[in-house]
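Here is the structure we will look at, set down as structure tokens.
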Protein chains: 4
Amino acid sequence: MSGTLNKVMLIGHLGDEVKVHYFEGGGCIGRFPLATNETYTNRTTGEKVTNTDWHNVVVRNKAAEICEKYLSKGDKVYVEGRLKNRQWQGEDGNTRYTTEVHVQDFTFLSTKKESLATGQGGMENAQQNPQMAPQAAPMKSVEPAPAEETDQDDDLPF
Amino acid sequence: MSGTLNKVMLIGHLGDEVKVHYFEGGGCIGRFPLATNETYTNRTTGEKVTNTDWHNVVVRNKAAEICEKYLSKGDKVYVEGRLKNRQWQGEDGNTRYTTEVHVQDFTFLSTKKESLATGQGGMENAQQNPQMAPQAAPMKSVEPAPAEETDQDDDLPF
Amino acid sequence: MSGTLNKVMLIGHLGDEVKVHYFEGGGCIGRFPLATNETYTNRTTGEKVTNTDWHNVVVRNKAAEICEKYLSKGDKVYVEGRLKNRQWQGEDGNTRYTTEVHVQDFTFLSTKKESLATGQGGMENAQQNPQMAPQAAPMKSVEPAPAEETDQDDDLPF
Amino acid sequence: MSGTLNKVMLIGHLGDEVKVHYFEGGGCIGRFPLATNETYTNRTTGEKVTNTDWHNVVVRNKAAEICEKYLSKGDKVYVEGRLKNRQWQGEDGNTRYTTEVHVQDFTFLSTKKESLATGQGGMENAQQNPQMAPQAAPMKSVEPAPAEETDQDDDLPF
DNA sequence: TTTT
DNA sequence: TTTT
């Protein structure tokens, strides 16, 4: 099937901390809300209107660990991924649907934790010596990693 | 405000006809479900898995009319737009949330109606002779139109 | 014709100031170089390699004025647009080709000039009272404006 | 480094066959020109203008082999990748610059070779029975493959 | 020529 | 629930 495209690109601010759930097998999944804003001027009233959209962002495995380590509430981030519908059972027994953005790539545009987190050599170095800083690769695009991951953990339940 | 980005790009097939609702003031809104597919091979079982995601696509005004006229169930289309959360009241009184893709640009990649609609020469021709098909701009990107529209009908309720 | 897509999205830093050329008819065109970086680790040597790509960014009319006013060398910006090939005559009489990114949308991600440029009310205000700050709409996405412009100045020579 | 984004997305038609160069080490690189069109109506004359942009598309390794096998001149394809500047020496000794689109992902939107290549069932089938068409993954997005490749052949000279 |  |  296919010949299809499913792509989302967002720049926004985290509305909350990254929440990571670790699986027994070693994988993990992280989630955070991301806010994007739209501003326009109402034609009739002339007043400026601001509208915020909230996106359910989902990151997995190494990407989740990196986000958990370096991103905080309020930080600005670029995320790229795909839209995914997830359905779940409400307490009333009815099926509910949620749309999530499953991240394939991201770039930090601001991080509160960054300066604290790095000593000399900083995060660049962390990438070259992953054993010394296993979860780090911040402030840079992490294209290869998530791409491989989407391929590697297909047995995870989403 | 802002410095944010909210962009979705999809290539998929219509799961149903375009449903258009016309407002009294002259505007209109169209909706259709769009399917994108994802295929991957399960690591453990080795079996090929296909997963379909359905997207709630929303088009407005002239774009809605063009889509209604030229798109049919099963057609393939490229749409570009922004994610929007819409909330509504369920019959049980609870608030429900739906994520929609509000279209800013689109390109038809296949249309069943095209040959019917235009005779020989098809829609390409229709574009070259707009007086013969005044409301048509099919098989081409209609960037300017939707962009202007998002600006023009901000008093519509979404 | 068409059913085609031509889209570029960049986040990068200005390598120089925005240079604007004003036409007699009232339009204008601005240009600036934008740098994007790519980092990877060489497999064989293990060394980290950084590669910079330079993009010829072109903005027009109001967008050009906004960029000229608020962007400086070193600033970070998101630009979205289309690739355009331009050919010109070299001094040796041979035809040369240059690829440009013609901007349709942009978002400032950092600006040196911003705080200097705004008094109380700041740039948000400038948008609501364009007569008081005719060329301003900084730190926000200016989607509608450039979109309309691409449509309006097609008699300009590019 | 980084916090930058370099992304190109094109839907266009091949202006020529895919030309692949095989390296001794086993890797390969493929190139083809891709045309995108832009149509607009000239404000002053009212005439419809069509403008074609040509893009130098570069694919590598497995992606190059797939493109060579399934794409022909005239076929429509979606490609996603990054802009890259390449410089080379002209015959006159001067340095020339070319901008290329280095593909990270692609989706076939039409292929002439497909029916020939796979008999009934077409390429969809080929995917389901990979042993019958081992190198095929056509008509589908091949995200993982190119992503891994960009990571694997960094010792190639571009 | 930018940035980290 | 973010940001300007």
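Order of the sequence lines sets the chain letters (A, B, ...), proteins ahead of strands, with each chain counted from 1. Note that the structure is predicted; figures quoted are calculated from it, not measured.
Counting to the nearest Å, the P atom of E:dT1 and the NZ atom of C:Lys19 are 12 Å from each other. Rounded to whole Å, atom C1' of F:dT2 lies 17 Å from atom CG of B:Leu83. As rounded to whole Å, 17 Å separates atom P of E:dT1 from atom NE2 of C:His13. When the P atom of E:dT2 is taken as reference, atom CG of C:Asn37 falls 11 Å away, rounded to whole Å. Distance CG (C:Leu109) to P (E:dT2): 19 Å, rounded to an integer number of Å. Atom CG of A:Asn51 is separated from atom C1' of F:dT3 by 14 Å (rounded to the nearest Å). The interatomic distance linking C:Tyr70 (OH) with F:dT4 (P) rounds to 17 Å, in whole Å. Rounding to whole angstrom units, CG of residue A:Leu14 and C1' of F:dT2 are separated by 8 Å.
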For A:His13 and A:Asp75: C-alpha separation, side-chain torsions, deciding distance, then whether side-chain contact (heavy atoms from CB on, under 4.5 Å) applies. CA-CA 5 Å; A:His13 294 93; A:Asp75 282 341; over 6 Å; no
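The listed nucleotides are E:dT2, F:dT2, F:dT1; the one nearest the side chain of A:Ala35 is F:dT2.
Judged by ring centres under 5.5 Å apart and planes tilted less than 30 degrees, A:Trp54 fails to stack against the six-membered base ring of F:dT2.
Within 3.5 Å, a donor on the side chain of C:Thr52 pairs with an acceptor on the base of E:dT2, or the reverse.
With hydrogens and angles ignored, the 3.5 Å screen pairs a side-chain donor or acceptor of C:Lys113 with a backbone N or O of C:Glu68.
The pair B:Glu100-B:Arg86 meets the salt-bridge criterion, since a charged nitrogen lies less than 4.0 angstrom from a carboxylate oxygen.
Taken from CG in C:Asn37 to OG1 in C:Thr50, the straight-line distance is 6.5 Å, to the nearest 0.5 Å.
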